[in-house]
Amino acid sequence: MKILVTGATGFVGRNVVDQLLGAGVEVRALTRNPATAGLPPQVEVVRGDLAKPESVAPAFDGIDRMYLFPVEETAREILALAGQAGIRRVVDLSGASVTAGLHTNPVEQAVEESAMAWTHVRPCGFMANMLQIWAPSVRAERVVRYPFADEPAMLVHEADIAAVAVAALLQDGHHGRAYTVTGPGLVTVREQVAAIGAALGEEVRYEEVTRERAREIMKAQGGFAAESADLMLGFVEYGGDAPEGGYAEQDWSALMRVWPDAEQVTGRPPRTYAEWARDHVADFR
């Protein structure tokens with residue numbers, strides 16, 4: 001068996017690769033830049049861009065199953081090419097907001113309409129989302145500047161998302177299922193910062209700032225921080241619209257509780273934020 005992992009250099013993708021290797025499976029990893037992928041040497045790393053389906057087609061040769069990173073614009077074409085190449089099982093990365101009814105996911109729809117056995121993995125917010133945003137100031141000043149100090153959020157360790165995906169790739173019985181993957185409980189920004197400090201063994205100060213000031217800080221950082229600032233700080237909703245009208249009034253309660261799916265699929269409880277902080281302590285050091 002050989003499995004193709006797309007989005008292989010992302011937070012979840014890297015964990016999918018590592019866990020598949022740990023299970024003794026051959027892995028082919030798709031990335032736009034193999035030279036900088038930094039994946040284990042036993043991985044077959046190939047070049048391809050999901051936004052350009054013709055560049056991905058050669059990567060399907062000899063593949064049995066696929067982990068699909070979501071690119072809405074080309075998902076149908078990618079899946080059609082995969083089906084033509086003989087791939088019979090696909091596990092796609094989606095989001096818990098679909099479970100909550102906050103929006104629909106065109107990639108999920110395309111996956112369901114393919115001829116493959118499919119499983120949706122719907123994680124809540126990634127614990128790792130704040131890594132690129134907070135790590136620079138933690139490394140430089142041992143401080144986090146952000147709003148929403150005591151607002152609770154449901155976050156999940158990327159390794160738990162990957163574990164559900166790997167189970168669906170390797171085991172039978174997951175066809176047609178949508179798994180909502182959460183952490184073990186709600187955690188506030190203040191608690192997250194305290195956990196990072198505990199992992200470092202040093203105090204990390206939390207400094208409350210306005211959403212506007214946080215946006216300035218994130219935009220100045222560039223990269224992921226700049227791209228995600230408006231969404232993460234609530235200036236826009238999914239799809240880029242201002243947070244007004246029906247969307248903002250929808251029920252978010254589905255994203256504020258622990259879902260049992262991860263433990264039921266993997267046989268172990270989801271990792272805590274403190275565990276995540278310890279796993280990433282070198283990034284904050």
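Val156 pairs in a side-chain contact (heavy atoms from CB on, under 4.5 Å) with only one of the listed residues (Thr180, Val181, Val12), which is Val181.
Asp261 is not listed as a side-chain neighbour of Val164, based on a closest heavy-atom distance of 4.5 Å or more. In this structure, the side chains of Met130 and Val189 stay at 4.5 Å or more apart for every pair of heavy atoms. Between Pro147 and Glu208, some side-chain heavy-atom pair lies under the 4.5 Å cut-off. In this structure, the side chains of Arg14 and Val17 stay at 4.5 Å or more apart for every pair of heavy atoms. Tyr146 places none of its side-chain heavy atoms less than 4.5 Å from the side chain of Ile217. Counting only heavy atoms from C-beta outward, the side chains of Val204 and Phe284 never approach each other to under 4.5 Å. Residues Met154 and Val258 have side chains in contact (heavy-atom distance under 4.5 Å, counting atoms from C-beta outward).
Between Thr182 and Arg257, the shortest heavy-atom contact is CG2-O, 3.8 Å. Nearest heavy-atom pair, Val265 versus Ala167, reported as atom, atom and distance to 0.1 Å: CG1-CB, 3.5 Å. The minimum heavy-atom distance between Ala225 and Met218, with the atom names listed, is O-CE, 3.4 Å. Closest approach of Leu186 and Pro152 over heavy atoms only: CB-CB, 3.9 Å. What you find for Val107 and Pro70 is that their closest heavy atoms are CG2-CB, 3.9 Å. Pairing each heavy atom of Pro34 with each of Val45, the nearest pair is CB-CG1, 3.7 Å.
With sequence neighbours left out, Arg190 forms a salt bridge (Lys or Arg N to Asp or Glu O under 4.0 Å) with Asp150. Listed by chain and residue number, nothing satisfies the salt bridge (Lys or Arg N to Asp or Glu O under 4.0 Å) test with Arg278 (two or more places apart in sequence, or in another chain). Applying the side-chain contact (heavy atoms from CB on, under 4.5 Å) rule to Ser55 yields the partners Asp49, Lys52; only residues at least two apart in sequence or on another chain are considered.
For the pair Asp160 (side chain) and Gly183 (backbone), a donor-acceptor distance under 3.5 Å is absent. Judged purely by atom type and a 3.5 angstrom limit, Gln221 uses its side chain to pair as donor or acceptor with the backbone of Gln132. The main-chain N or O of Ala59 is found under 3.5 Å from a side-chain atom of Arg28 such that the two form a donor-acceptor pair. A donor-acceptor contact shorter than 3.5 Å is absent between the side chain of Thr119 and the backbone of Ala168. With hydrogens and angles ignored, the 3.5 Å screen pairs a side-chain donor or acceptor of Thr6 with a backbone N or O of Tyr67. Under a 3.5 Å cut-off, the side chain of Thr74 and the backbone N or O of Glu77 do not form any donor-acceptor pair. Glu191 contributes a side-chain N or O that, together with a main-chain N or O of Thr188, makes up a donor-acceptor pair within less than 3.5 Å. No donor-acceptor pair closer than 3.5 Å links the side chain of Glu72 to the backbone N or O of Pro106. Counting only distance, with no hydrogens or angles, the side chain of Arg142 and the backbone of Val138 share a donor-acceptor pair below 3.5 Å. Glu112 places no side-chain N or O within 3.5 Å of a backbone atom of Gln109 that could act as its donor or acceptor partner.
Environment of CZ in Arg32: sparse, with no more than 12 heavy atoms of neighbouring residues, nucleotides or ligands closer than 6.0 Å.
Residue Tyr206 is grouped with residue Val281 when hydrophobic side chains (ILVMFWY) are merged at heavy-atom distances under 4.5 angstrom, including chains of intermediate members. Linking Ile, Leu, Val, Met, Phe, Trp and Tyr residues whenever their side-chain heavy atoms come within less than 4.5 Å places Tyr273 and Phe11 in a single cluster. Hydrophobic clustering of Ile, Leu, Val, Met, Phe, Trp and Tyr side chains at less than 4.5 Å, counting indirect connections, keeps Phe126 apart from Met232. At a threshold of 4.5 Å between side-chain heavy atoms, the hydrophobic network of Ile, Leu, Val, Met, Phe, Trp and Tyr places Val121 and Leu170 in one connected group. No continuous path of hydrophobic side-chain contacts links Val90 to Val98 [ILVMFWY only; heavy atoms under 4.5 Å].
Remark: Arg88 CZ to Arg65 CZ distance equals 12.0 Å, nearest 0.5 Å. Here the CH2 atom belonging to Trp259 is positioned 5.5 Å from the OG1 atom belonging to Thr99, to the nearest 0.5 angstrom. Separation of atoms CZ (Phe60) and CE (Met66) is listed at 5.0 Å; rounding is to 0.5 Å. Rounded to the nearest 0.5 angstrom, Leu200 CG and His280 NE2 are separated by 13.0 Å. In this structure, CD1 on Ile63 lies 7.0 Å from CD on Glu44, to the nearest 0.5 angstrom. Here Leu21 contributes atom CG and Ile3 contributes atom CD1; the two are 10.0 Å apart, rounded to the nearest 0.5 Å.
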| message | With side chain to side chain contact (heavy atoms under 4.5 Å, CB included) as the criterion, how do Met127 and Gln192 come out once you've worked through the C-alpha distance, each side chain's angles and the decisive distance to 0.1 Å? | response | CA-CA 9 Å; Met127 293 175 182; Gln192 293 171 57; over 6 Å; no
Check step by step if side-chain hydrogen bond (donor to acceptor under 3.5 Å, both in side chains) holds for Trp118 and Glu108. CA-CA 9 Å; Trp118 56 265; Glu108 282 197 9; over 6 Å; no
Inset, instruction - Apply salt bridge (Lys or Arg N to Asp or Glu O under 4.0 Å) to Glu216 and Lys219, showing your working. - result: CA-CA 5 Å; Glu216 291 175 3; Lys219 293 289 187 182; over 6 Å; no
_Verdict with reasoning, Glu207 to Arg213, per side chain to side chain contact (heavy atoms under 4.5 Å, CB included)_ = CA-CA 11 Å; Glu207 184 178 315; Arg213 176 56 182 149; over 6 Å; no
*Taking it one step at a time, do Val56 and Ile78 satisfy side chain to side chain contact (heavy atoms under 4.5 Å, CB included)?*
CA-CA 8 Å; Val56 179; Ile78 291 289; 4.0 Å; yes
Item checked: Criterion side chain to side chain contact (heavy atoms under 4.5 Å, CB included) on Val91 and Val16, from CA distance to verdict -> CA-CA 11 Å; Val91 176; Val16 171; over 6 Å; no
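Side-chain polar atoms of Asn105 and His120 form no donor-acceptor pair below 3.5 angstrom.
Ionic pairing of Arg285 and Glu202 is present here: one or more N-O contacts between side-chain nitrogen and carboxylate oxygen are shorter than 4.0 angstrom. In this structure, Arg89 does not pair ionically with Asp64, as no charged nitrogen and carboxylate oxygen lie closer than 4.0 Å. The pair Glu113-Arg76 meets the salt-bridge criterion, with a side-chain N (NZ, NE, NH1 or NH2) lying under 4.0 Å from an Asp/Glu carboxylate O. Between Arg215 and Glu212 there is no salt bridge, since no side-chain N of the basic residue sits under 4.0 Å from a carboxylate O of the acidic one.
Using bins of under 30°, 30° to 60° and over 60° for the plane-to-plane angle, the ring pair Tyr179/His174 lands in the perpendicular bin.
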